Amino acid sequence: MKKVFLAGLALLTTVVSSSANEVIKITTGEWAPYTIEKSKSGGVLQKIVNEALKLENIDVKYEFHSWEKAYSLAKEVTADATIPWFKTKDREKDFLYSKNAILRTKTVFFHLKSLDFKWQKYEDLKNYRVGETSGFKTEKLLREKGVDVEMAISEKENFQKLLDGKIDVTSSSYLVGYNIIKNSFTAEESAKFTNDSKKVYPATGVYFLVSKKHPKAQELINKFDAGLKKLIRSGRYIKLIKEAI
């Protein structure tokens with residue numbers, strides 16, 4: 001009887017083990033409300049990625065770092081993937097991108113209401129002190145356009161610099177910028193901020209990336225794309241986005 005019990009237990013253990021989801025590590029940075037470190041459920045991008053991959057029997061463990069470190073760790077396969085990134089030629093040299101964007105975002109310039117800020121072309125930005133965040137797409141874009149930028153390690157730091165008068169403008173995703181303003185400053189301070197309606201560049205998507213050095217790079221990309229497609233078709237994708245707005 002004891003042998004039968006042990007044999008059954010061994011069989012049960014084998015079944016549980018074989019049905020357990022694969023776990024992958026994804027690096028990211030703080031970009032509320034899209035990615036949030038100190039939140040049990042995470043930001044909307046984390047939720048989308050979590051649910052898309054779960055549909056393909058993959059669970060996710062997130063590691064938060066500075067954006068430069070998050071990129072570097074994934075590039076050298078210390079992590080399995082990284083989110084969320086805009087497409088650039090430099091990044092495409094190192095990473096495979098998901099076929100579809102996790103989400104599309106609108107990037108604009110923020111400034112204080114006391115500043116008469118106007119711009120139509122990148123050349124106009126040379127008249128202002130522009131603050132940017134290390135590792136972000138906009139830094140490279142503006143430098144290529146001949147615009148001097150002052151760097152910070154986080155978007156929150158740039159908004160503080162705006163308030164302190166150390167810079168004139170900084171770019172941010174529309175939702176991210178107002179999330180920072182709402183949660184980092186008093187009501188009186190928050191009322192001093194505004195944004196320009198002109199997009200820094202056309203609305204673009206942020207993607208799921210896997211290093212080309214990863215032995216299962218294409219497989220992970222394919223699974224994410226398949227899971228995301230299922231999530232969209234189910235209607236759950238739109239519900240997650242609406243919950244975040």
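If you're wondering where the values come from, they're calculated on a predicted model, not measured in any experiment. Any value given below was found using the heavy atoms of this structure, including those in side chains, with hydrogens, waters and symmetry copies removed.
Counting heavy atoms from C-beta outward, K87 and T204 have side chains that stay 4.5 Å or more apart. At a threshold of 4.5 Å between non-hydrogen side-chain atoms, the residues W67 and T28 count as touching. K54 has its side chain within reach of D59: a pair of non-hydrogen atoms, C-beta onward, lies under 4.5 Å apart. Annotation: side chain of K156 is not in contact with side chain of Q160 (no heavy-atom distance under 4.5 Å). R129 places none of its side-chain heavy atoms less than 4.5 Å from the side chain of E150. Looking at K99 and F224, their side chains never come closer than 4.5 Å, going by heavy atoms from C-beta outward. Using a 4.5 Å cut-off on side-chain heavy atoms (C-beta onward), P84 and T35 make contact.
Cluster annotation: L73 and F95 are assigned to distinct hydrophobic clusters (Ile/Leu/Val/Met/Phe/Trp/Tyr, side-chain heavy-atom contacts under 4.5 Å, transitive).
Put simply, the side chain of N158 gets close to the backbone of E132: a donor and an acceptor are under 3.5 Å apart. Side-chain N or O atoms of S211 include none that pairs as donor or acceptor with a backbone N or O of E76 at under 3.5 Å. A donor-acceptor pair is defined here as one N or O able to donate and one able to accept, closer than 3.5 Å; no such pair exists between the side chain of D225 and the backbone of N222. Looking only at distances, no side-chain donor or acceptor of Y174 sits under 3.5 Å from a matching main-chain atom of S197. Formation of a donor-acceptor pair under 3.5 Å by the N179 side chain with backbone atoms of L175 is not found in this model.
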Donor-acceptor pairs under 3.5 Å, side chain of residues 226-234 to any protein atom, not counting sequence neighbours: which ones?
from	atom 1	to	atom 2	distance (Å)
K230	NZ	E56	OE2	2.7
S234	OG	L231	O	2.7
S234	OG	R236	N	3.2

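Taking the centre of each ring, F159 and F110 come in below the 6.0 Å mark. You'll find the ring centres of W85 and Y97 outside the 6.0 Å limit.
Pairs passing the salt bridge (charged side-chain N to carboxylate O under 4.0 Å, His left out) check and including a residue from residues 133-147, sequence neighbours excluded, read D90-K140, E139-R143, K140-E144.
With a 6.0 Å radius and a threshold of 12 heavy atoms from other residues, nucleotides or ligands, D124 has its CG atom above the threshold. Heavy-atom neighbours of K61 NZ from other residues, nucleotides or ligands within 6.0 Å: at or below the threshold of 12.
Within the model, atoms CD1 of I180 and CH2 of W31 stand 10.0 Å from one another, a figure rounded to the nearest 0.5 Å.
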Quiz prompt | salt bridge (charged side-chain N to carboxylate O under 4.0 Å, His left out) between K161 and E157, intermediate numbers included | solution = CA-CA 6 Å; K161 285 183 176 182; E157 182 182 340; 3.8 Å; yes
Practice problem: In sequence, state the C-alpha distance, the side-chain angles, and the governing distance for S190 and K182, and then conclude on side chain to side chain contact (heavy atoms under 4.5 Å, CB included). | Solution: CA-CA 7 Å; S190 296; K182 177 183 176 182; 5.8 Å; no
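The only member of L115, L125, N127, L162 that meets side chain to side chain contact (heavy atoms under 4.5 Å, CB included) when paired with D168 is L115.
In this structure, F117 and Y128 have perpendicular ring planes: the angle between them is above 60°, well past the 30° mark.
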